[in-house]
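Only a predicted model underlies this, so the values are computations on that prediction, with no experimental measurement involved. Nothing fancy with the numbering, it's 1 onward along the sequence.
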Amino acid sequence: AGEVMARRKRKIILEDTERKKKVPALPIQERDYNRFKYKLEEISKDCPERNLMIFYIGVATGYRLVDYLGLTNGELKEFLDEDKFIIQESKQYNAWKTHIANNPNSKRKPPAPRESIIQTNLRKKIKEYVKGKKNSEYAFESEKYPGEPITPKTYSAILKKVGEELGLKHITGHSLRKTYAQRLWQEKRDLEFVRKSLGHKSIETTKHYLGLDNEIKEDASRIADSKL
């Protein structure tokens with residue numbers, strides 16, 4: 001009996017450990033991109049325009065959901081006037097605040113807001129989306145809590161559901177930024193270009209983000225295998 005209980009305990013610990021492992025979000029592949037958009041629109045019922053607009057901004061700019069879901073219609077219109085988004089990314093800013101709190105004498109300056117040029121296709125979509133809407137209202141209002149923006153967690157769950165219905169694994173809100181990064185890499189094959197576009201501090205971070213370590217290992221093994 002004691003041995004059975006011990007095995008059960010080990011199994012529970014193992015299962016708990018597996019649950020706690022955070023699996024990185026995956027990008028939406030080009031072969032699935034249009035189907036994903038269509039399915040997102042289909043399951044969105046009352047808010048297809050909102051959900052698609054959030055989607056388009058994410059894959060076109062690489063901003064994290066937390067950095068743009070709280071925008072108002074007025075702010076979107078101002079960005080259109082500026083021809084670019086100018087957003088202070090919270091991850092870098094919070095890291096800077098933590099550094100200053102731990103190092104009061106530090107002369108490190110706060111990170112500059114990240115800019116993203118609004119090109120023709122995205123401009124048309126945003127312009128149509130904000131047309132006739134009040135500047136003071138949130139651009140991406142919650143269905144459940146009127147007067148408040150939809151949360152990253154809620155929108156991420158919507159994307160996850162779309163992924164599940166299409167048989168795509170590990171799709172979350174962060175998949176939009178991953179899709180943006182993957183497209184830049186596949187088009188340019190220039191790590192420095194992708195690094196700057198994402199706002200990463202190091203090339204190593206960008207390589208890991210793109211999953212290039214695995215790609216390099218696979219290429220190396222394929223080259224070696226071909227010479228056997």
Side-chain angles (χ1 to χ4, degrees), residues 25 27-28 33-34 36-98 110-165 170-181 183 197-199:
I28 300 163
Y33 184 75
N34 283 332
F36 195 96
K37 283 194 306 181
Y38 301 148
K39 180 61 72 173
L40 175 60
E41 188 173 20
E42 288 167 6
I43 72 164
S44 294
K45 296 182 180 178
D46 299 328
C47 301
E49 294 85 5
R50 180 200 69 184
N51 289 347
L52 280 173
M53 193 70 257
I54 294 172
F55 178 83
Y56 288 134
I57 291 176
V59 296
T61 68
Y63 284 120
R64 298 174 181 85
L65 291 176
V66 68
D67 292 324
Y68 69 92
L69 287 187
L71 294 175
T72 63
N73 293 311
E75 287 171 319
L76 285 181
K77 292 174 185 177
E78 288 176 9
F79 290 145
L80 287 178
D81 291 338
E82 293 280 346
D83 290 324
K84 60 186 175 183
F85 287 97
I86 308 172
I87 295 177
Q88 178 68 71
E89 294 185 296
S90 57
K91 185 175 182 179
Q92 286 83 352
Y93 189 73
N94 289 336
W96 172 78
K97 286 201 301 183
T98 299
R114 184 163 78 86
E115 298 184 1
S116 180
I117 305 299
I118 301 174
Q119 299 290 356
T120 306
N121 290 332
L122 184 60
R123 165 174 285 279
K124 288 178 181 177
K125 294 180 186 301
I126 296 175
K127 189 174 181 180
E128 182 63 29
Y129 182 76
V130 298
K131 186 177 180 181
K133 294 181 178 177
K134 294 180 180 178
N135 290 348
S136 61
E137 293 179 346
Y138 285 113
F140 311 115
E141 193 172 282
S142 168
E143 296 167 86
K144 192 173 182 180
Y145 302 106
E148 295 294 328
I150 186 174
T151 65
K153 183 178 180 180
T154 299
Y155 189 75
S156 187
I158 294 171
L159 295 185
K160 182 181 179 182
K161 182 180 179 182
V162 173
E164 288 173 346
E165 293 202 9
H170 310 311
I171 298 297
T172 72
H174 204 64
S175 294
L176 304 184
R177 182 170 162 87
K178 284 285 186 80
T179 302
Y180 168 82
R183 284 177 161 178
S197 299
L198 289 171

State, to 0.1 Å, how close Trp96 and Pro110 come at their nearest heavy-atom pair, and which atoms those are.
-> NE1-N, 3.3 Å

Side chain to side chain contact (heavy atoms under 4.5 Å, CB included) between Val162 and Ile171: does it pass, once the steps are laid out?
-> CA-CA 8 Å; Val162 173; Ile171 298 297; over 6 Å; no

Rounded to the nearest 0.5 Å, the CD atom of Glu42 sits from the NZ atom of Lys39 at a distance of 5.0 Å

Is the Lys NZ or Arg CZ of Lys133 less than 6.0 Å from the centre of Tyr129's six-membered ring, within 45° of the axis?
-> yes

Rounding to 0.5 Å, atoms OG1 (Thr179) and CD1 (Ile28) come to a distance of 4.0 Å

Would you mind checking if Lys161 and Glu164 are paired as a salt bridge, meaning a charged N to carboxylate O distance below 4.0 Å?
-> no

Show the numbers, then the answer: is there a side chain to side chain contact (heavy atoms under 4.5 Å, CB included) between Ile126 and Phe79?
-> CA-CA 10 Å; Ile126 296 175; Phe79 290 145; over 6 Å; no

Do Arg64 and Glu89 meet the salt-bridge criterion of a basic N to acidic O distance under 4.0 Å?
-> yes

State the CG-OH distance between Leu69 and Tyr155, to the nearest 0.5 angstrom.
-> 8.5 Å

Starting at CZ of Phe140, measure out to CD1 of Ile57 and round the result to the nearest 0.5 Å.
-> 4.0 Å

Step by step, would you call Phe85 with Leu76 a side chain to side chain contact (heavy atoms under 4.5 Å, CB included)?
-> CA-CA 8 Å; Phe85 287 97; Leu76 285 181; 3.9 Å; yes

Of all heavy-atom pairs linking Ser90 and Val66, the shortest is OG-CG1, 3.4 Å

Is the shortest distance from a Lys or Arg side-chain nitrogen in Glu143 or Lys45 to a carboxylate oxygen in the other one below 4.0 Å?
-> no

Verify the ring-centre separation between Phe55 and Phe36: is it less than 6.0 angstrom?
-> yes

What's the verdict on side chain to side chain contact (heavy atoms under 4.5 Å, CB included) for Ile87 and Thr61, showing C-alpha distance, side-chain angles and the deciding distance?
-> CA-CA 11 Å; Ile87 295 177; Thr61 68; over 6 Å; no

Short question: side chain of Asn73, backbone of Val130 - any donor-acceptor pair under 3.5 Å?
-> no

Residues Asp67, Lys91: salt bridge by 4.0 Å N-O rule | no

N/O donor-acceptor pair under 3.5 Å between Tyr180 side chain and Leu198 backbone = no

Do you know the tightest heavy-atom contact between Ser156 and Gly173?
-> OG-N, 2.8 Å

Take atom OH of Tyr145 as the centre, draw a 6.0 Å sphere, and report whether it contains more than 12 heavy atoms from other residues, nucleotides or ligands.
-> no

